[in-house]
Every structure is written in structure tokens, then in C-alpha cells.
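Here is the structure we will look at, set down as C-alpha cells.
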Amino acid sequence: MTTDNRQALMDGFRDGIPIGLGYFVVSFTLGIVAKYVGLNPIQGFVISLLNNASAGEYAAFTVIGSDAPYFEIALLTLIANARYVLMSTVLSQKFSPDTPFYHRIFVGFDVTDEIFGISVARGGRWLNPFYNYGAMLTALPGWSIGTALGIMAWNFFPASAISALSVALYGMFLAVIIPPARKDKIIGGAVAVSFLMSYLAETFLPEISAGNRTIALTILIAGAAAILYPVKENDK
């Protein structure tokens, strides 16, 4: 490993420490959900190691709990994580044209909101992939270990504590959607419509599984918002 790569790795590790700690806390509550749908600590650890995404993983746990088929689980996870395709596309422009393809693949494996944020904000003409590797060294263990410990905590914490911890995940989702919803009325409207339509779908279409309802509503609402309110070039 060259000196530049070693320095980039250490910089990424340093900047990724707060991310890893945050992931540990959030994934701990995610582990409560995983235990609720019948997963053991090893299963939760592996799932979180391979799917480092809160919304996508929570959606996957939801359909696992409803005994959905594998295809439905895979499709829902793909849709819930679709934004990472766009992030990866943007991030690819930060790499030198000489960057090997395997580095791009490995970096793309763990493009989360937070790692994407620190990566695009890093100075310099080109981004060294070892910077992302350093951040991943804290993010991936924090997320996967936190999930496994959350599942294990089910057996040691009283029922009241488990119930309280399970609510924390919903608090995280509110923390994600409220700031942009307050800043942009279109996003706020889309969030409100999604709440309403999810409630109506669950009430009047109970024969449709939770996974299929989520897939259909995600495509419908996101597609309608993109068609009716496209992002203009000067708004980017």
C-alpha cells in the first residue's frame, strides 16, 4: 500500500468513526425489529453486513415477517435502496478515469447517505477509494454488530424496555423526513400523501401483502411526484 493510500485510509477511518457510532445506535433498534420477525443474531449480522441501509433493511424485515416470497423481498429492497444508484453515479465522477473497476465495485458496495456525504465533501480533484474503505471499516461493523446485539438484547431487557427501544427506529425515520419536508413543500406533500395512502391501502386492501403495497405505493407516489414536479436544471 502506498503512502497516499495509507493516509487516505486513515482519513476515512477517522471521519467514519462518528458514522459508525451512529449506525451502531440505530441498528441496535433495528435488531429489535429483526428479533420480532424471528431472526437470530447471526442472521441479523449477515443481513446488515450485506445491506447497510436502514430503510431498505427495515422494509425487508417487514416483508420477512409477513412470510413474503423471496422475489418480493428482493424487489422491495431494490426499490427502497434505489437512491443509492444515483449516489453511486454521482460519486463515480469523483474518481480518476484511471481508477480500476474493482475499486468502483467495492466502493459502490457501501454507498450510504453519510459515507456519500463525507466523500463528495472531501477536497482534492480526485477521490481516493481507500478513503471510502476507511469509512467502511467503521460503518459496516457498527451497523452489523449493532443489529446482532439488538437481537440479543431481546433476551435480557424487560418487555417495557424492548417496547421503548423499538420506537426509536420510527424516531430515526421522522428525523430523516421532517427536515426536508419542512424545507420543501413538495416533499412535505409527498410524505403526507404517502402516510394517507399507506393507511388507506392497509385498511381497504388487507388481502394485498405489506411488501406489495409498499412496492406499489413507492413507485406510484415517487413516479407521480417526478412527473408533476420535475427538478429543474437551475434548482439542482
Side-chain angles (χ1 to χ4, degrees), residues 26-27 29-39 43-44 46-90 108-114 116 143 147 150 166-232 235-236:
V26 173
S27 64
T29 63
L30 189 66
I32 302 297
V33 180
K35 176 63 177 180
Y36 183 78
V37 301
L39 299 177
Q43 291 170 329
V46 173
I47 291 175
S48 287
L49 187 66
L50 299 178
N51 184 23
N52 195 193
S54 55
E57 197 166 342
Y58 177 76
F61 288 163
T62 300
V63 292
I64 288 174
S66 62
D67 294 325
Y70 292 138
F71 175 77
E72 186 176 312
I73 296 173
L75 182 59
L76 178 58
T77 304
L78 175 64
I79 293 174
N81 293 334
R83 71 185 187 279
Y84 297 124
V85 176
L86 301 178
M87 292 183 187
S88 298
T89 302
V90 173
F109 169 73
D110 197 30
V111 177
T112 66
D113 299 348
E114 294 76 16
F116 172 79
W143 190 255
T147 302
S166 64
V167 175
L169 188 64
Y170 299 100
M172 179 205 68
F173 285 128
L174 290 176
V176 170
I177 64 176
I178 288 179
R182 294 180 61 184
K183 184 182 301 183
D184 191 316
K185 63 181 182 180
I186 296 176
I187 296 178
V191 170
V193 169
S194 67
F195 285 166
L196 176 61
M197 294 189 67
S198 295
Y199 171 75
L200 293 176
E202 182 176 6
T203 301
F204 297 104
L205 299 172
E207 66 278 4
I208 300 178
S209 68
N212 281 330
R213 289 198 305 265
T214 303
I215 291 171
L217 290 177
T218 299
I219 295 175
L220 177 63
I221 297 173
I227 294 173
L228 297 174
Y229 305 101
V231 178
K232 298 179 181 178
D235 292 337
K236 294 180 179 180

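For the numbers below, each heavy atom of this structure counts, side chains included, while hydrogens, waters and symmetry mates do not.
- Counting heavy atoms from C-beta on, the side chains of Asn52 and Phe109 never come closer than 4.5 Å.
- In this structure, Asn51 and Glu57 approach most closely via the heavy-atom pair O-OE1, 2.8 Å.
- Here the CG atom belonging to Leu78 is positioned 13.0 Å from the OH atom belonging to Tyr84, to the nearest 0.5 angstrom.
- Between Val111 and Ser88, the shortest heavy-atom distance links the atoms CG2-OG, 3.7 Å.
- In terms of heavy-atom proximity, Ala201 sits nearest to Leu217 at CB-CD1, 4.2 Å.
- No more than 12 heavy atoms of other residues, nucleotides or ligands sit less than 6.0 Å from atom OH of Tyr36.
- With hydrogens and angles disregarded, no donor-acceptor distance shorter than 3.5 Å links the side chain of Thr203 to the backbone of Leu200.
- Expressed to the nearest 0.5 Å, how far CD1 of Ile47 lies from OG of Ser27 amounts to 13.0 Å.
- Evaluation of the side chain to side chain contact (heavy atoms under 4.5 Å, CB included) rule for Glu202 yields Arg213 as partners, not counting sequence neighbours.
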Side-chain donor-acceptor contacts of residues 180-190 below 3.5 Å, not counting sequence neighbours, with atom names and distances?
residue	atom	partner	partner atom	Å
Asp184	OD1	Ile186	N	2.8
Asp184	OD1	Ile187	N	3.4

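- In this structure, Ser48 and Thr147 approach most closely via the heavy-atom pair OG-OG1, 2.6 Å.
- A side chain to side chain contact (heavy atoms under 4.5 Å, CB included) with Trp143 is found for one member of Val26, Asp110, Thr112 and no other, namely Val26.
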